[in-house]
Amino acid sequence: MMADSGPKEVAVIGNTELTSAELDNNIKNTMVEIEKGTSLLRKLEISVAEAEKRTGKNTVNMQEIYTVYLIETRPVDALTEGITPDSLWRRYSEFELLRNYLLVTYPFVVVAPLPEKRAEIVWHKLSADNMDPDFVERRRVGLENFLHRVASHPVLCNDNIFNIFLTEQDKDWKEMVYETGFQAKADSRLKAVNAAFRVKNPDGRFTELKHYSDELQTVLSQLLRVRARVADRLYGVYKVHGNYGRVFSEWSAIEKEMGDGLQSAGHHMDAYAASVDDILEEEEHYADQLKEYLFYTDALRAVCRKHELTQFELEMVALDLACKKQQKEELVTGTVRTFSLKGMTSKLFGQETAEQREAKLQVLEQQLKEGEEAVKEKNTESDEFVKTAWVDIERFKDQKDRDLKEALISYAVMQISMCKKGIQVWTNAKECFNKM
């Protein structure tokens with residue numbers, strides 16, 4: 001085996017340099033540690049069984065119509081201790097609150113997205129009304145998928161707020177979430193943007209991941225738009241076959257020998273035209289799978305923004321420490337390296353006394369100790385964030401590759417089946433014509 005004499009790829013985590021091999025080894029070890037945790041789905045069946053429209057008053061005391069979803073939980077094994085079958089109703093807004101809480105509490109996790117609140121990128125025959133029964137049903141499926149994603153996550157599944165969300169119909173559930181103080185921990189969008197522009201030593205892998213999430217969002221958006229246009233055309237092609245059925249039926253009425261054959265062929269065409277509704281309903285299922293990963297791109301960028309903010313804060317405390325060290329040096333030597341108000345003051349009013357310098361030196365010494373502790377703390381925080389975030393990113397990549405591969409293959413199989421049905425319809429029509 002030949003030795004690799006080329007330069008080793010090095011990743012910088014905080015102020016620590018790790019080779020790619022060392023970083024991969026750290027990630028693998030951490031993944032083993034995390035995977036030791038038990039997925040909630042191994043002991044608990046979770047389903048969003050049904051949706052129901054209700055009427056009530058909102059926060060401004062106005063009447064509104066809204067949808068609630070029935071969450072049912074039951075033990076996988078009837079002998080499991082401490083778990084009893086349960087059911088409760090939750091609104092979509094409560095799912096949103098839960099996800100926002102998870103995003104803030106676990107910033108290193110690529111948190112699964114919720115299904116869309118209102119239909120986007122749909123073909124023209126599909127209703128965009130968020131109260132449409134078909135849309136509500138697809139959203140019910142999406143909410144169940146969201147719960148399964150969280151329940152199967154090695155970290156999120158153990159969260160107490162999540163478990164209470166599933167099993168306890170507590171009117172004060174929202175207050176319990178707010179009492180965690182998660183809102184105070186949330187980073188402002190402006191702060192994150194500022195960090196993105198001002199960070200000097202960004203981790204190249206997170207920068208690359210952010211670019212990838214942007215490109216993935218673009219590709220999936222284009223794919224969904226193409227699919228919507230194809231669905232429009234497909235609907236028209238199928239429905240126009242109903243005209244064949246009508247014409248063949250009318251023609252059969254004026255023929256004696258050919259009448260039965262034409263009538264039968266017309267029935268085949270009518271059935272073919274009617275089948276498009278079920279086909280496009282099945283297609284929506286695959287479109288929703290693509291939309292999930294379209295929305296996942298925001299979760300990826302959220303992890304990248306948090307890393308930029310963590311790195312920026314580390315750089316700021318390191319810069320402050322460097323400034324304090326320079327101030328100490330200037331105070332000890334009595335020289336000022338750069339133009340400053342302090343230097344101008346010394347020239348105008350004379351040098352400070354020994355006692356004044358000693359007092360300032362003591363203050364600086366204390367500030368230096370605090371600064372070194374702050375740098376050490378931020379360095380540790382940055383190292384830990386990168387380690388845990390990259391573990392979850394690798395987990396997400398495996399999940400994404402597996403899910404999208406399965407969805408695309410299933411979509412291709414559905415298209416092949418659809419084409420075979422078309423061939424079969426015309427084969428049946430041919431046999432009808434042969435019998436005339």
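Just so you know, these numbers come straight off a predicted model, no measurement behind them.
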- Message: Does this structure show an ion pair linking Glu72 with Arg74, if we count only N-O contacts that are shorter than 4.0 Å?
- Response: yes

Exercise: do [X] and [Y] side chains pair donor with acceptor under 3.5 Å:
X	Y	value
Gln367	Glu372	no
Tyr101	Asp159	yes
Tyr212	Glu208	no
His241	Asp270	no
Gln366	Gln362	no
Glu292	Asn145	yes

In terms of the angle between their ring planes, are [X] and [Y] parallel, tilted or perpendicular, with boundaries placed at 30° and 60°?
X	Y	answer
Tyr286	Tyr411	perpendicular
Phe396	Tyr293	tilted
Phe165	Phe95	perpendicular

- Task: Determine whether the aromatic ring centres of Trp390 and Phe108 lie less than 6.0 Å apart.
- Result: no

- Task: Assess the pair Tyr69 and Tyr92: is the distance between their ring centroids shorter than 6.0 Å?
- Result: no

- Message: Any heavy-atom pair between the side chains of Asp203 and His307 that's under 4.5 Å?
- Response: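 Counting from C-beta outward, His307 and Asp203 do come under 4.5 Å.
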
- Task: Report the C-alpha separation of Ser87 and Leu70 in whole Å, then their side-chain angles, then the decisive distance to 0.1 Å, and conclude whether the side chain to side chain contact (heavy atoms under 4.5 Å, CB included) test is met.
- Result: CA-CA 7 Å; Ser87 63; Leu70 180 64; 4.0 Å; yes

- Determine, for Tyr66 and Arg91, whether the Lys NZ or Arg CZ falls below 6.0 Å from the six-membered ring centre while staying within 45 degrees of the axis.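 Because its charged atom sits under 6.0 Å from the ring centre and within 45° of the axis, Arg91 does stack over Tyr66.
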
